[in-house]
Engineer: 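Could you have a look at this structure, given as structure tokens, before my questions?
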Protein chains: 2
Amino acid sequence: MSLPHPETDQITLPNVLAALGDDTRLAIIGCLARCDASGGLVCGQFSGLTSKTNLTYHVAKLREAGVINVRPEGTKRRVTLRRDDLDQRFPGFLDSVIATAIDLPAVETTMRELASATEPGSA
Amino acid sequence: MSLPHPETDQITLPNVLAALGDDTRLAIIGCLARCDASGGLVCGQFSGLTSKTNLTYHVAKLREAGVINVRPEGTKRRVTLRRDDLDQRFPGFLDSVIATAIDLPAVETTMRELASATEPGSA
DNA sequence: TATCTAGTTCAATGGATATTGAACTAGTGC
DNA sequence: GCACTAGTTCAATATCCATTGAACTAGATA
């Protein structure tokens, strides 16, 4: 872990709520919720949501609040949800947020783009 | 209901999260969670949290997001949590937030003030 | 009617937050 | 070494948000 992440017990509800109270960041969480089982996503895969610079900003916000984990992987950054940590800290919270966030319009759109980008013949 | 409140199905997760992502408002929710069974609270009872003007502002934010109900009662405004509506819309969400919000320092302090203000002999 | 209480409205302010573009850095592969 | 990719940093801006104080309104009470 080369980037600073808060310890589990440093994660606070006000910070997490503030981090999630933004459309772009909520969409990022929605996308992650949909494909976290497959090992998360890298920043570039959220490019449909906003600019590259702005993504760096929002991903950092989520990381600093303790909502996601960001792991360098070559020139990329692999982003995953801190499910276990959040469940431990605020039981039931993440699941209830995800249940709604997973169906947000911005998430639907991004996932569609992501799917078509990995279709055979598009590479 | 003389003040505008969103219908249950108009309540959105981004709005609710943004409304709760503020220390003052989270403290209001914590206080309400503690004594909602006893019929809610009136604005003035949150006076330990911030100024009167600022309370009007934050209470309006929570109301507009659909988190609380505000009912005129003489010159006062009775504030209650929209538990049923939120449970219907985002199952489990409110409970998980309350579990943590109820123990916030600002809530503890406010509840102590509230308790001492209703002690026999203080009226 | 006069006064008090509880809360609102409004305009102004300060501070935080989101967004942008240009320049930059760290890996990867030729 | 060179070019490419992925993401960062920085400074600037634009916007939104929380906070304040003064003046105000509605209802209760004497």
Side-chain angles (χ1 to χ4, degrees), chain A residues 1-5 14-29 31 39-65 67-80 106 113-114 117-118 122-123, chain B residues 1-5 14-29 31 39-65 67-80 106 113-114 117-118 122-123:
Chain A
M1 248 195 251
S2 77
L3 290 159
H5 291 74
N15 285 350
V16 170
L17 287 169
L20 297 179
D22 173 276
D23 289 343
T24 305
R25 294 195 289 262
L26 203 50
I28 291 175
I29 299 307
C31 292
L41 291 165
V42 296
C43 294
Q45 295 180 289
F46 303 118
S47 61
L49 294 173
T50 180
S51 68
K52 205 157 67 149
T53 314
N54 203 215
L55 262 180
T56 298
Y57 169 76
H58 285 300
V59 167
K61 279 262 161 185
L62 288 168
R63 173 177 51 79
E64 286 160 12
V67 182
I68 60 174
N69 189 285
V70 185
R71 188 176 69 249
E73 201 177 270
T75 71
K76 308 184 181 176
R77 309 280 150 136
R78 182 147 303 267
V79 180
T80 49
E113 286 171 8
L114 257 175
T118 52
S122 70
Chain B
M1 244 193 255
S2 77
L3 290 159
H5 290 75
N15 286 349
V16 171
L17 286 169
L20 297 180
D22 173 275
D23 289 343
T24 304
R25 295 195 288 263
L26 203 50
I28 291 175
I29 298 308
C31 292
L41 292 165
V42 296
C43 293
Q45 295 180 290
F46 302 118
S47 62
L49 294 172
T50 179
S51 69
K52 206 158 66 151
T53 313
N54 203 214
L55 263 179
T56 298
Y57 169 76
H58 285 301
V59 167
K61 280 261 161 186
L62 288 168
R63 173 178 50 78
E64 286 159 12
V67 181
I68 60 174
N69 189 286
V70 185
R71 187 176 70 251
E73 200 177 271
T75 69
K76 307 184 181 176
R77 309 280 149 135
R78 182 147 304 266
V79 181
T80 50
E113 286 170 7
L114 258 176
T118 52
S122 70

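Within every chain, numbering begins at 1; the chains are lettered A, B, ... in the order of the sequence lines, protein sequences first and strands thereafter.
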Engineer: Within the 4.0 Å limit for protein heavy atoms, which parts of nucleotides 24-30 of chain C are touched? Write it as a string from 5' to 3', B for base, S for sugar-phosphate only, - for none.
Structural biologist: ---BS--
Engineer: Is there a side-chain contact between B:Leu3 and B:Asn69 (heavy atoms, below 4.5 Å)?
Structural biologist: no
Engineer: Could you state the atom-to-atom distance from CZ of A:Arg63 to C1' of D:dG7 in whole Å?
Structural biologist: 12 Å
Engineer: Would you call A:Leu62 and A:Val79 a side-chain contact if the rule is heavy atoms closer than 4.5 Å?
Structural biologist: no
Engineer: Between A:Lys52 and A:Cys43, is any pair of side-chain heavy atoms under 4.5 Å apart?
Structural biologist: no
Engineer: NA contact type, B:Arg25, heavy-atom cut-off 4.0 Å: base, sugar-phosphate, or nothing?
Structural biologist: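 B:Arg25: backbone/sugar contact only, no base atoms under 4.0 Å.
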Engineer: Among pairs that include at least one residue of residues 16-29 of chain B, which meet side chain to side chain donor-acceptor pair (under 3.5 Å), considering only residues two or more places apart or in two chains?
Structural biologist: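 Output for this query lists B:Arg25-B:His58.
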Engineer: Please give, in whole Å, the distance from C:dA18 C1' to A:Leu62 CG?
Structural biologist: 14 Å
Engineer: In whole angstroms, how far is the P atom of C:dT19 from the CG atom of A:Asp23?
Structural biologist: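 Rounded to whole Å, this separation is 9 Å.
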Engineer: How close or far is atom C1' of C:dT17 from atom NZ of A:Lys61, stated in whole angstroms?
Structural biologist: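 Computing the A:Lys61:NZ to C:dT17:C1' distance gives 6 Å.
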Engineer: Report yes if some heavy atom in the side chain of A:Asn54 is under 4.5 Å from a heavy atom in the side chain of A:Leu49; otherwise report no.
Structural biologist: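 Counting from C-beta outward, A:Asn54 and A:Leu49 never come under 4.5 Å.
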Engineer: Check the distance between C:dA6's P and B:Arg71's CZ and give it to me in whole angstrom.
Structural biologist: 17 Å
Engineer: Taking all non-hydrogen atoms of both residues into account, name the closest pair between B:Val16 and B:Ala65 and its distance.
Structural biologist: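 In this case the closest contact between B:Val16 and B:Ala65 is CG2-O, 3.8 Å.
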Engineer: Using a 4.5 Å cut-off on heavy atoms from C-beta on, say whether the side chain of A:Val70 contacts that of A:His5.
Structural biologist: yes
Engineer: Tell me the interatomic distance from A:Asn15, atom CG, to C:dT17, atom P, rounded to whole angstroms.
Structural biologist: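 Value for this atom pair: 10 Å.
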Engineer: Rounded to whole Å, how long is the line connecting atom CZ of B:Arg78 with atom C1' of C:dG7?
Structural biologist: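 My rounded result for the distance is 14 Å.
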Engineer: Using a strict heavy-atom distance below 4.0 Å, which residues from residues 52-60 of chain A are in contact with DNA chain D?
Structural biologist: A:Lys52, A:Thr53, A:Thr56
Engineer: Locate the shortest heavy-atom distance separating A:Thr80 from A:Gly39; write the atom from each residue and the value.
Structural biologist: CG2-O, 3.9 Å
Engineer: Whole Å only: how far is the CD1 atom of B:Ile28 from the P atom of D:dA18?
Structural biologist: 11 Å
Engineer: Taking C-beta and beyond as the side chain, do B:Val42 and B:Arg78 meet within less than 4.5 Å on heavy atoms?
Structural biologist: yes
Engineer: Please determine if a side-chain N or O atom of A:Ser51 lies less than 4.0 Å away from the OP1 or OP2 oxygen of C:dT19.
Structural biologist: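 So the side chain of A:Ser51 is outside the cut-off, no N or O lying under 4.0 Å from OP1 or OP2 of C:dT19.
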